[in-house]
Amino acid sequence: MMQPQASDADQGRPPFGTEPPVVTKHPRANGFLLALQFLTVIPVQFKTARTSVSGQPDQPGAALDMGRSLPWFPLVGALLGAGVAALNWALEPIFSRSLRDVITIATLLLITGMLHFDGFVDCCDALLGARSVERRLDILRDSRVGAYGVGGGALLLLARYVTLESLSPGLWGLAVIAAIITGRWAMVWLVTLFPYVRARGAGSGFRASGVRLIGASGMALALLAALVAFAPQGTLTQRALILATLGVSGLTVALLWGLWASRRLGGGLTGDTYGAANELVEVAILALAPVVAQLVSSMI
């Protein structure tokens with residue numbers, strides 16, 4: 001059966017006799033640089049431009065497809081983990097272990113612009129307590145911090161310090177790098193599996209797809225495999241079992257968090273919940289690492 005011919009308006013063309021509107025083209029910016037720009041405070045500049053329907057250049061300022069950055073999240077995590085591990089090694093002759101752990105926490109907070117920490121604090125304020133879905137979403141937009149946020153943020157920093165202190169010197173680098181990689185990988189899973197609950201927001205530009213999740217998963221697995229090959233802790237088999245267990249545990253924590261948070265927010269997630277997931281996954285892996293390492297050593 002013949003289909004009716006689409007009008008100019010249906011095909012995106014301006015009606016006859018009107019000026020061609022300006023449309024925004026999404027530049028195909030480098031995905032790694034987009035991830036680096038979003039996940040860290042490292043300045044990354046993109047040259048973008050808007051063009052009219054006629055093809056003439058217009059004013060700069062095109063929107064970026066942030067979803068292109070998702071496959072690169074684990075790589076940015078690996079660079080962050082390797083950076084703080086190198087810093088810890090360089091400061092070992094100078095400072096005590098406790099002070100180096102504090103420096104590690106502070107460095108990660110500063111290099112990430114406290115992006116994930118801020119999300120965790122906001123989620124504590126919004127998701128804890130008896131409130132309506134609308135009120136929770138309003139609180140997530142509010143820049144002020146309440147009692148839940150202060151308490152949750154303090155407990156998170158304390159948990160980070162205690163878990164770092166519990167790591168043996170040989171396990172420290174392995175666990176820290178694995179935690180930071182898996183935390184960023186977990187965010188890609190949540191972006192893909194759960195709808196974004198707002199029409200607009202910090203996380204609305206991350207258009208996820210199965211292909212991007214596969215890309216992020218392949219990147220994360222390759223990085224963790226490299227960590228297995230080159231880390232000094234235990235035998236190759238022991239390191240593989242430790243990282244496999246920690247990776248599965250971290251993703252499980254993220255999934256449980258996503259299920260709980262989405263129910264509190266009416267069936268979806270926000271950018272703050274992605275950041276909170278990263279914080280929870282990292283702390284969970286750091287906490288489990290000594291236990292898992294001990295179990296694996298006793299088995300093999």
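We're numbering straight along the sequence, starting at 1.
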So, for [X] and [Y], which heavy atoms are closest and what is the spacing to 0.1 Å?
X	Y	answer
Cys124	Gly152	SG-CA, 3.8 Å
Ala216	Pro74	O-CG, 3.5 Å
Arg144	Asp142	NH2-OD2, 2.8 Å
Phe95	Arg100	O-NH1, 2.9 Å
Gly267	Pro195	O-CG, 3.2 Å
Ala289	Ala175	CB-CB, 3.7 Å

If you count the non-hydrogen atoms of other residues, nucleotides and ligands that lie under 6.0 Å from [atom1] in [X], is the total more than 12?
X	atom1	answer
Trp257	CH2	yes
Trp260	CH2	yes
Arg263	CZ	no

To the nearest 0.5 Å, what is the distance between [atom1] on [X] and [atom2] on [Y]?
X	Y	atom1	atom2	value
Ile285	Leu174	CD1	CG	10.5 Å
Asp101	Glu165	CG	CD	4.5 Å
Leu223	Ile180	CG	CD1	12.5 Å
Asp272	Asp118	CG	CG	6.0 Å
Leu246	Leu251	CG	CG	11.0 Å
Asn88	Thr107	CG	OG1	10.0 Å

Out of curiosity, does [Y] fall in the hydrophobic cluster containing [X] (side-chain heavy atoms, cut-off under 4.5 Å, transitive links)?
X	Y	result
Phe73	Ile214	no
Ile94	Leu87	yes
Ile105	Phe120	yes
Leu259	Leu269	yes
Leu127	Ile139	no

Less than 4.5 Å apart, side chain to side chain, heavy atoms only: is that true for [X] and [Y]?
X	Y	answer
Phe38	Leu115	yes
Phe117	Leu157	yes
Leu140	Leu265	yes
Pro71	Met219	no
Thr273	Leu190	no
Val248	Thr252	yes
Leu167	Val176	yes
Leu213	Leu70	no

Kindly say whether [Y] contributes a backbone atom to a donor-acceptor pair with the side chain of [X] at under 3.5 angstrom?
X	Y	answer
Ser297	Gln294	no
Arg184	Leu75	no
Arg136	Arg131	yes
Thr163	Arg160	yes
Arg239	Val228	yes

Problem - Pair Glu282, Asn278: side-chain N/O donor-acceptor within cut-off below 3.5 Å - result: yes

Exercise for the section: State whether a side-chain donor-acceptor pair under 3.5 Å links Trp72 with Asn30. Expected result: no

Practice task
Test Val133 against Leu137 for side chain to side chain contact (heavy atoms under 4.5 Å, CB included), laying out the working first.
Solution key: CA-CA 6 Å; Val133 171; Leu137 291 171; 4.1 Å; yes

Exercise for the section: Dump the intermediate steps for side chain to side chain contact (heavy atoms under 4.5 Å, CB included) on Val191 and Tyr196, then the final yes or no. Expected result: CA-CA 8 Å; Val191 171; Tyr196 193 74; over 6 Å; no

Exercise for the section: Could you walk me through whether Leu255 and Phe194 pass side chain to side chain contact (heavy atoms under 4.5 Å, CB included), step by step? Expected result: CA-CA 10 Å; Leu255 178 60; Phe194 294 89; 4.3 Å; yes

